[in-house]
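All values below were derived from every heavy atom in this structure, side-chain atoms included, with hydrogens, water molecules and symmetry-related copies excluded.
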Amino acid sequence: MADTDNEKLTAQQPEPQEPELQKEEPTQSTLDQIRQAAKEDDSQPVGTLTLRTILGGDILTADFMRRQIWLFVLIMLFTVVYVAFRYQCQQDMLTIDRLEKELLDAKYKALSSSSNLTEKCRESHVLEVLRQNHDSLLQVSGHPPYIINVPEE
């Protein structure tokens, strides 16, 4: 019975080991764990991506698509924005052309109205209208105009 008590005591007490050996074991097991994780998480090699897998549609179910989905979403977003801005630019250019034509028409109308007004305000035209209406009160002066100086007080 004494032997069994000694065995229990020795089983409970850890055996003294060298400090170098204790440090190596956890390091080796950690390295082994890292190697094992790296082997499990690695995707298929790049060499398996062939034209047949792309054209066959196998690439759509592959891990490649799941990893790159945000890149495809970003590309689609940029494409939609590009097309929308181009369409808006074309609409703006059409509006600018239409407004330039309207402005040119307005300038021509203003020019023709101005020339008509200038023609109707000429002295010869006014005299002709007076003769047609037989208005005897207004006549053209035979004397040239002169300036009257008024002294300021």
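- Val126 meets the side-chain contact (heavy atoms from CB on, under 4.5 Å) test with Leu130; sequence neighbours excluded.
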Result block: side-chain N/O donor-acceptor pairs under 3.5 angstrom for residues 100-109, not counting sequence neighbours:
| from | atom 1 | to | atom 2 | distance (Å) |
| --- | --- | --- | --- | --- |
| Glu102 | OE2 | Arg98 | NH1 | 3.2 |

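- Under a 4.5 Å side-chain heavy-atom criterion applied to ILVMFWY residues, the cluster that includes Leu99 comprises that residue alone.
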Only distances under 3.5 Å count here; give the side-chain donor-acceptor pairs of residues 68-91 to other protein atoms, sequence neighbours excluded, each with its distance to 0.1 Å.
| from | atom 1 | to | atom 2 | distance (Å) |
| --- | --- | --- | --- | --- |
| Thr79 | OG1 | Ile75 | O | 2.8 |
| Tyr87 | OH | Gln91 | NE2 | 3.4 |
| Gln88 | NE2 | Asp92 | OD1 | 3.1 |

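- Here Tyr146 sits in one hydrophobic cluster together with Ile148, Val150; the rule is ILVMFWY side chains under 4.5 Å apart, joined directly or through other members.
- By the 4.5 Å side-chain criterion applied to Ile, Leu, Val, Met, Phe, Trp and Tyr, Leu55 is assigned to a cluster that also includes Leu51.
- Pairs engaging residues 115-128 under the salt bridge (Lys or Arg N to Asp or Glu O under 4.0 Å) rule: none recorded [sequence neighbours left out].
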